[in-house]
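Let me begin by presenting the structure, written as structure tokens, before commenting on it.
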Amino acid sequence: MAARAELETLNPAQREAVLHTGGALLILAGAGSGKTRVITVKIAYLIGELGVDPRSILAVTFTNKAAAEMRARAAAMEPAAADVMIRTFHSFGAWLLRRNAAAAGLDRGYAIYDDDDVISLLRTIYPDEPRGGLARYARQISRAKDYTLRPGDDLSLISPGPELAEIYRAYQRRLDEIGNVDFGDLILKPVELLRADEAIRRRTRQRYRYVLVDEYQDSNVAQYELLKQLCDEETYLCVVGDDDQSIYRFRGAEVRNILTFSESFPGTMVIKLEQNYRSTGPILDVASAVVQHNLGRLGKTLWTERTGGSEPSLALLRDQDEEVDYCLDLISREPRETAILYRTNAQSRLFESALIRAGIPYRIVGSLRFYEREEIKDALAVLKLCANPRDEVSFRRIVNKPARGIGAKSLETVTDALSDHGGDVLEATAAAAAGLSRKAGAAARAFGATIRRARESLGGGKLSDFTEALVRELGLWELHAEGQDPIVAQSKVENLEEFVNAASLYPATEEGLAEFLELVELDRSREADESLDAEVTLITMHNTKGLEFDRVIVTGLEEGLFPRGGDEDPDEIEEERRLFYVAVTRARDELFLTSCGYRRLHGRVMDFVPSRFLGEIPAELLRHATAGGRGRQAPGGEEYPVGGAVYHDDYGMGVVTSCRHSGSELVVQVRFETGRVAKFLPRYTPLEKVSGDDW
DNA sequence: GTCAGAAGGTTTTTT
DNA sequence: ACCTTCTGAC
């Protein structure tokens, strides 16, 4: 269907958003309100009806999946949309840097370091620092870049002391010497490039007259700065997002970007998309009731024409085992597309083993990622080293894998020689080989020669053949094929084959290699088992964004687990509340909530009180389910007098410090003789009242 | 270099 | 509880 016909099927707000021209536009699109549709129709309309050159449109998303979907849907309406620049923020940044490599101080063959590579690089600078410390530095540096901060800037926002500046400076110097970039650089470097180079800035602005941004609530400060650099007074900027779905603060996303968009871009028009096409009314009521408790929001109320629908249900359960039973019971009683949502990945385990036991096929999203597997990272390191012989991180990963006698001592000799060879590890290896032991020297020479020969052979043929031959020649294929566990080995070989296969679309040239590496580094979202169409999906709440299911079970609604942490940071609680909103609005037809009285966490059993979010839902919106599974114990309803003595099997004697109702639950707080204070639900946790005589 | 056992540390993770 | 990382002995 062409854009014009498509327009007729939109609701008035959607149509207004598509037709809007002039100044900046902020589309506040509630969950399930058809925002992707609006963007894609807008792209098709610009091209097909307004005659806009598709090459002058830039559409930015956060995930490759979203970009691919946008491209496909726009092209279905308007074939010329194939020429629109539709990319993720990072991929656009990488493209801009590759295109202006010299001006950005980079080699065209630069590779992108992922988080693990960043830690490895930090380790070369701080060899004695434990991994946890390095990971913290890596996080802080990454966060600093999210805020466009450089080592010389005030970093107190990220970390109080002076040490971060020094670490960041040393890290960046080393990274620049190597000539690679990290994820943060893919945004920050383009910002700096556009700021510093007027000609490139002018050229880029002249090319993109229309800039569209999806999921704007997830943008960070650096991405905002990039938009600022891309847009002049004449650029048409349209951002789409939902402040209530901003859930990546911990990664540097700034809700303020969307909250203050109108001030940042004067003359902004705001259009709200509030009609939801996904969920039933009662489900939206639950979502709205909770998210309304947030102070920092623009405010929007979802509504739907979908009347009826079953009442969302809350089950207060004794523990995880009952929770698992409850979910399986729902699934087997009435099979249909169901997603089991949880806050932390650790919670998936019990569900997984129960589903296996019950013989119910399931799909787990986001567990072990393809590109994080050892064998794949090895193969990637091989290619990265071919692309950039200054890549010390990749060199270190594979130079002695499989073991060929190049130990720590030999490595040190090689890296000591680096500065004499412009950082080229292959040259340094050749030069240092003479100073090594006979065995290490020969091995190092052979390793270096293999990589060098491979680099020289670039220029034709298929990248898949190139990759396989090299990985085999280096002994990595054999290493992984002959692990102790034949099942593991089998899967490793299959992964390597899949990796090689992915490279077959690229030529074995320098450009082909760089392109393939970029694709792989920037698109690691694919799951190993995405083809499996099971009815049951296990997934973290974060991972559900953009997805929808007939039936959703939100599990683990317990204070301390969800929301996580205490009351210290109100912003954090608001973020968790948005996560609840995201989770609930994934459901089309049925919503179930569960909360456990106690659960095993970090090896010990801990008591939990129902999540505050449950208390924020008016009682009439929820049906209270009785527990399935095994029977409950301890009759509820009995009051515990404050000051009265109680006995708990694990904690011993204590005094009641408070006793109140939370929803329909009686919550008792006890201070034990040990000094420990804990809350209990007497309905699930045996808490024996002790008369004064027994003390 | 490899292995076993100890110690440590545990949110979420589009790129 | 569980998984990764560090350590010391062979």
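A note on names: the letters A, B, ... follow the listed sequences, proteins ahead of strands, and every chain is numbered from 1. Computed from a predicted structure; not experimentally measured.
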| note | Sorted by chain and residue number, the ring-ring contact (aromatic ring centres under 6.0 Å, His included) partners of Tyr506(A) (sequence neighbours excluded) come out as Phe516(A)
| said: Which residues pass the ring-ring contact (aromatic ring centres under 6.0 Å, His included) test with Phe89(A), not counting sequence neighbours? | reply: Phe62(A)
| field | side-chain contact (heavy atoms from CB on, under 4.5 Å) against Ser91(A), all qualifying residues, sequence neighbours excluded | value |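 For Ser91(A), the residues satisfying side-chain contact (heavy atoms from CB on, under 4.5 Å) (neighbours in sequence not counted) are Arg87(A), Thr88(A), Leu522(A).
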| query | In chain order, what residues pass the side-chain contact (heavy atoms from CB on, under 4.5 Å) check against Glu478(A), with sequence neighbours excluded? | reply | Glu482(A)
Within the structure shown, what part of the strands sits under 4.0 Å from [X] by heavy-atom distance: base, sugar-phosphate, or nothing?
X: Asp115(A); value: base
X: Tyr248(A); value: base
X: Asn400(A); value: sugar-phosphate

[atom1] of [X] versus [atom2] of [N]: gap in Å, rounded?
X: Glu521(A); N: dT15(B); atom1: CD; atom2: P; value: 12 Å
X: Lys189(A); N: dT15(B); atom1: NZ; atom2: C1'; value: 17 Å
X: Phe562(A); N: dT12(B); atom1: CZ; atom2: C1'; value: 11 Å
X: Leu579(A); N: dT13(B); atom1: CG; atom2: C1'; value: 12 Å
X: Gln347(A); N: dA1(C); atom1: CD; atom2: P; value: 17 Å
X: Leu517(A); N: dT15(B); atom1: CG; atom2: P; value: 17 Å
X: Asp182(A); N: dT15(B); atom1: CG; atom2: P; value: 16 Å
X: Lys401(A); N: dG1(B); atom1: NZ; atom2: C1'; value: 14 Å

| Is the ring centre of Phe250(A) under 5.5 Å from the base ring centre of dT12(B), and are the two planes under 30° apart, so that they stack? |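 Ring-base stacking flag set for Phe250(A) and dT12(B).
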| message | How would you summarise protein contacts on nucleotides 4-11 of chain B per nucleotide, using B for base, S for sugar-phosphate only and - for none, with heavy-atom distances below 4.0 Å? | response | ------BB
| Which letter, B, S or -, goes with each nucleotide of nucleotides 3-8 of chain C from 5' to 3', with contact meaning a protein heavy atom under 4.0 Å? | S-SS--
| field | Position toward the 5' end of DNA chain B (nearest nucleotide), Arg404(A) or Glu575(A) | value |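 The residue mapped nearer the 5' terminus is Arg404(A).
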| DNA chain B: Lys439(A) or His90(A), which has the more 5' nearest nucleotide? |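 Result: Lys439(A).
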| said: Using ring centroids (six-membered ring only for Trp), state whether Tyr248(A) and His542(A) fall under 6.0 Å. | reply: yes
Under the rule for side-chain hydrogen bond (donor to acceptor under 3.5 Å, both in side chains), what residues qualify as partners of [X], not counting sequence neighbours?
X: Lys439(A); answer: none
X: Thr344(A); answer: Gln347(A)
X: Glu323(A); answer: Thr594(A), Arg599(A)

| said: Would you measure the distance from the P atom in dT5(C) across to the matching atom in dT12(B) and give it in whole Å? | reply: 16 Å
| remark: Side-chain contact check for Ala403(A): nearest option of dT12(B), dT15(B), dT2(B) is dT2(B)
| query | When you check the gap from the basic side-chain N to the acidic O, do Arg297(A) and Glu574(A) get nearer than 4.0 Å? | reply | no
| NZ or CZ of Arg98(A) within 45° of Tyr110(A) ring axis and under 6.0 Å |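 Yes, cation above the ring, under 6.0 Å and within 45°.
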| query | Within the pair Asn543(A) and dT12(B), is there a side-chain N or O less than 4.0 Å away from OP1 or OP2? | reply |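 Indeed not, no polar side-chain atom of Asn543(A) lies that close.
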